[in-house]
Amino acid sequence: MKPQTPPKTYRVKSFGCQMNVYDGERMGELLDGQGLTPAPEGEDADLVVLNTCHIREKAAEKIYSDIGRLTKGKTQKKAPMIAVAGCVAQAEGEEIMSRAPAVSMVVGPQAYHRLPDMLDKAVKGERATDTDMPAIAKFDSLPARKRRQPTAFLTVQEGCDKFCTYCVVPYTRGAEISRPYNHLIAEARKLIEAGAKEITLLGQNVNAWSGEDDKGRAVGLAGLIRSLATLDGLERIRYTTSHPNDMEDDLIAAHGEVDKLMPYLHLPVQSGSDRVLKAMNRAHTAESYLKLLERFRSARPDIALSGDFIVGFPGETEGEFEETLSLIDEVRYAAAFSFKYSPRPGTPAATMNGQIAPEVMDDRLQRLQARIARDQFAFNKATVGKTCSVLIERKGKHPGQWLGKSPWLQSVWFEGDVQLGDIVEARIAEAGPNSLGGELLQPVTA
Ligand code: SAH
Ligand code: SF4
Ligand code: F3S
């Protein structure tokens with residue numbers, strides 16, 4: 001590769017889960033520290049970081065078309081310096097380097113704190129790959145937070161030891177690690193100082209977080225949440241994604257006791273069939289999952305439930321799929337994400353017998369999504385007439401129009417004289433399938 005002009009502007013494009021969004025923000029902050037500035041919307045960037053996702057085949061293949069568009073001048077007029085980060089970088093670093101000569105840097109999700117060094121090399125014309133997994137080093141060597149937004153993500157836990165047979169995450173993100181309590185409290189304070197009213201704690205298995213509090217006591221996620229709730233200026237706490245097998249009693253109790261903890265639980269189940277769950281290595285049954293949800297509902301009756309589903313796992317019969325539909329009928333989710341099974345290289349399920357035909361998967365996905373849509377709309381309709389707090393997250397298209405979030409994570413549109421980051425009291429006037437219309441009552445906190 002030829003030496004390249006040092007880039008002045010950058011753009012980070014994050015795909016995949018919220019942990020990638022968090023990582024993308026942190027990479028941006030690192031590049032800011034190197035004197036680069038974010039490229040303004042609609043203008044060419046000198047450096048483009050593709051922060052990729054490997055979870056399904058479509059997501060993983062996307063980077064090659066993105067690189068193609070960037071180098072052929074279709075995305076921007078001038079071809080930028082390209083870095084590939086995220087989970088595809090981790091899983092297929094070498095392949096990317098050989099398949100895409102236009103890529104200067106490949107950096108895995110645990111190594112991006114080394115991006116500044118790699119950038120120096122790239123400028124000299126040396127291509128660099130770093131997919132090391134040095135436990136927690138990344139967080140220690142990141143700059144301070146300064147993001148000005150009413151909502152913020154905070155990664156508290158990374159990696160996964162569960163090895164569900166379909167999933168790449170244990171390979172791309174490594175073993176489960178928890179960031180230390182005091183680092184998290186310090187980072188939360190910085191986010192609050194910068195204007196965050198709501199913090200969402202992130203982890204592939206966020207409820208596996210464990211640590212020692214400031215008094216040296218062993219605490220789990222609930223303990224961390226209880227400590228964060230004492231911080232002035234922070235009004236809302238959320239967490240995602242949890243695993244049914246790591247659920248501690250105290251986290252369930254916290255939903256009934258900690259006002260700042262929002263009434264929302266994302267708890268993926270994947271399937272309603274015990275045979276399929278076993279083949280997925282989920283180590284829970286449909287019944288144990290349902291019992292767990294009941295306990296959350298007893299602690300916090302208005303809790304909104306959400307989940308993830310995979311249709312067409314190898315060997316899934318029509319009857320087993322219908323067990324998933326029955327589970328959905330029983331839970332009545334407020335929201336959910338559903339996916340067609342995608343065989344991932346190196347995972348046990350990819351070579352299992354009984355791979356399901358695409359048209360069968362399409363049909364099952366459609367039927368499943370129709371039920372979820374039905375329940376989501378019903379959940380939205382049930383909030384009509386209620387009064388609730390809304391955190392203002394962004395401006396709408398029309399003057400005076402705003403978009404905020406209800407405690408149950410629904411989008412609420414309304415008009416009024418408010419500001420970004422306000423938490424206002426609103427009455428829900430109407431419900432659509434994906435959002436609510438609200439009437440402003442009065443600002444409660446500014
Ligand atoms: N750690 C979380 C989420 C991980 S990935 C959990 O265990 O719930 C997010 C979702 O992607 C998963 O919940 C699953 O529904 C889906 N997913 C993961 N691997 C997949 C695959 N190979 N094909 C289709 N969907 C997949
Ligand atoms: Fe993947 Fe399962 Fe781990 Fe979730 S728990 S990240 S689905 S292996
Ligand atoms: Fe995708 Fe990696 Fe997240 S594979 S879902 S970006 S952990």
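For the single chain, residues carry numbers from 1 onward in sequence order. Ligands are counted one by one from 1 in listed order, and the atoms in each one are counted from 1 as well. Because the structure is a prediction, the values reported are computed rather than measured.
- Short contacts between ligand 3 and Gln204, defined as distances under 4.0 Å to a heavy atom of the residue, involve ligand atoms 7 (S).
- The protein atom (non-hydrogen) at minimum distance from atom 7 (S) of ligand 2 is Tyr166 OH, 3.3 Å.
- With Tyr166 as the aromatic partner, Arg344 does not meet the cation-pi criteria of under 6.0 angstrom to the ring centre and within 45 degrees of the ring axis.
- Between Glu158 and Arg179 there is no salt bridge, since no side-chain N of the basic residue sits under 4.0 Å from a carboxylate O of the acidic one.
- Looking only at side-chain heavy atoms (C-beta outward), Tyr289 and Leu277 stay at 4.5 Å or farther from each other.
- Under 4.0 Å from ligand 2, the heavy atoms of Cys160 that appear belong solely to its side chain.
- Metal site remark for atom 1 (Fe) of ligand 3: Cys53 contributes an N, O or S atom at a distance under 2.8 Å.
- Near Tyr341, the atoms of ligand 1 lying under 4.0 angstrom from a non-hydrogen atom of the residue are 23 (N), 24 (C).
- Ligand 3 has at least one atom lying under 4.0 Å from a heavy atom of His54.
- Between Thr241 and ligand 1, no N or O atom pair is found at a separation short of 3.5 Å.
- Within the 4.5 Å cutoff, the side chain of Leu267 has heavy atoms near those of the Met247 side chain.
- By the definition of a contact as any protein heavy atom under 4.0 Å away, atom 4 (C) of ligand 1 is not in contact.
- Those atoms of ligand 2 that come under 4.0 Å of a heavy atom in Asn205, given as number and element, are 5 (S).
- The distance from the CG atom of Leu31 to the OH atom of Tyr112 is 11.5 Å, given to the nearest 0.5 Å.
- Close contacts of ligand 2 with Lys162, meaning ligand atoms under 4.0 Å from a residue heavy atom, involve 3 (Fe), 5 (S).
- Looking at heavy atoms from C-beta onward, Glu95 lies in side-chain contact with Tyr64 at the 4.5 angstrom threshold.
- Contact annotation for Ile310 and ligand 1: only side-chain heavy atoms (C-beta onward) come within less than 4.0 Å of the ligand.
- Interface of Asp308 with ligand 1, defined as ligand atoms under 4.0 Å from a residue heavy atom, comprises 9 (C), 10 (C), 12 (C), 13 (O), 15 (O).
- Counting only heavy atoms of the protein, atom 1 (Fe) of ligand 2 lies nearest to Cys167 SG, 2.3 Å.
- Taking the ring centroids of Tyr239 and His266, they lie at or beyond the 6.0 Å cut-off.
- Ion pairing of Arg300 with Asp302 is present here, as a side-chain N (NZ or NE/NH1/NH2) and a carboxylate O approach within less than 4.0 Å.
- The aromatic ring centroids of Phe309 and Tyr333 lie less than 6.0 Å from each other.
- By the 4.5 Å heavy-atom criterion applied to side chains, Val206 and Leu202 are not counted as neighbours.
- Looking at atom 3 (Fe) of ligand 3, its nearest protein heavy atom turns out to be Cys17 SG, 2.3 Å.
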Practice task
Output, in order, the C-alpha distance, side-chain angles, deciding distance and verdict of salt bridge (Lys or Arg N to Asp or Glu O under 4.0 Å) for Arg173 and Asp23.
Solution key: CA-CA 12 Å; Arg173 293 274 170 165; Asp23 289 345; 2.9 Å; yes
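- Trp209 and Tyr181 have tilted rings, their planes meeting at an angle from 30° to 60° on a 0 to 90° scale.
- Those atoms of ligand 3 with a heavy atom of Asn20 less than 4.0 angstrom away are 6 (S).
- Distances below 4.0 Å separate heavy atoms of Cys87 from the following atoms of ligand 3: 2 (Fe), 4 (S), 6 (S), 7 (S).
- No side-chain heavy atom of Leu36 sits less than 4.5 Å from a side-chain heavy atom of Thr9.
- Of all the heavy atoms of Phe339, the ones lying under 4.0 Å from any atom of ligand 1 belong exclusively to the side chain.
- For ligand 1, the polar-atom distance check against Arg344 finds no nitrogen or oxygen pair separated by under 3.5 Å.
- Checked by distance only, ligand 1 and Tyr166 come closer than 3.5 Å through their nitrogen or oxygen atoms.
- Checking Gln270, Arg282, Lys340 against atom 14 (C) of ligand 1, the nearest heavy atom belongs to Gln270.
- Under 4.0 Å from ligand 1, not a single heavy atom of Lys162 appears.
- At a 4.0 Å heavy-atom cut-off, ligand 2 does not touch Thr241 at all.
- Within ligand 1, the atoms closer than 4.0 Å to a non-hydrogen atom of Gln204 are 1 (N), 2 (C), numbered from 1 in the order shown.
- For the pair Arg114 and Lys138, the minimum side-chain heavy-atom distance is 4.5 Å or more.
- Ligand 1 has no N or O atom lying under 3.5 Å from any N or O atom of His243, backbone or side chain.
- Here atom 2 (Fe) of ligand 2 lies nearest to Cys164 when heavy atoms of Ser242, Ala208, Cys164 are compared.
- The shortest contact between atom 8 (O) of ligand 1 and any protein heavy atom is with Pro268 CG, 2.9 Å.
- Here the heavy atom of the protein found nearest to atom 21 (C) of ligand 1 is Ser342 O, 3.7 Å.
- Taking both residues in full, the closest heavy atoms of Thr131 and Val106 are given as CG2-CG1, 4.5 Å, listed atom of the first, atom of the second, then distance.
- Distance alone, capped at 3.5 Å, is enough to place a donor-acceptor pair between the Asp130 side chain and the Asp132 backbone.
- Here the heavy atom of the protein found nearest to atom 25 (N) of ligand 1 is Arg56 NH1, 3.3 Å.
- Each of the following atoms of ligand 2 lies closer than 4.0 Å to a heavy atom of Pro170: 8 (S).
- The N/O atoms of Ser242, backbone and side chain alike, include none that comes under 3.5 Å of an N/O atom in ligand 1.
- Counting backbone and side-chain atoms alike, His243 contributes no N/O/S atom closer than 2.8 Å to atom 2 (Fe) of ligand 2.
- Expressed to the nearest 0.5 Å, how far CD of Glu294 lies from CD of Glu330 amounts to 8.0 Å.
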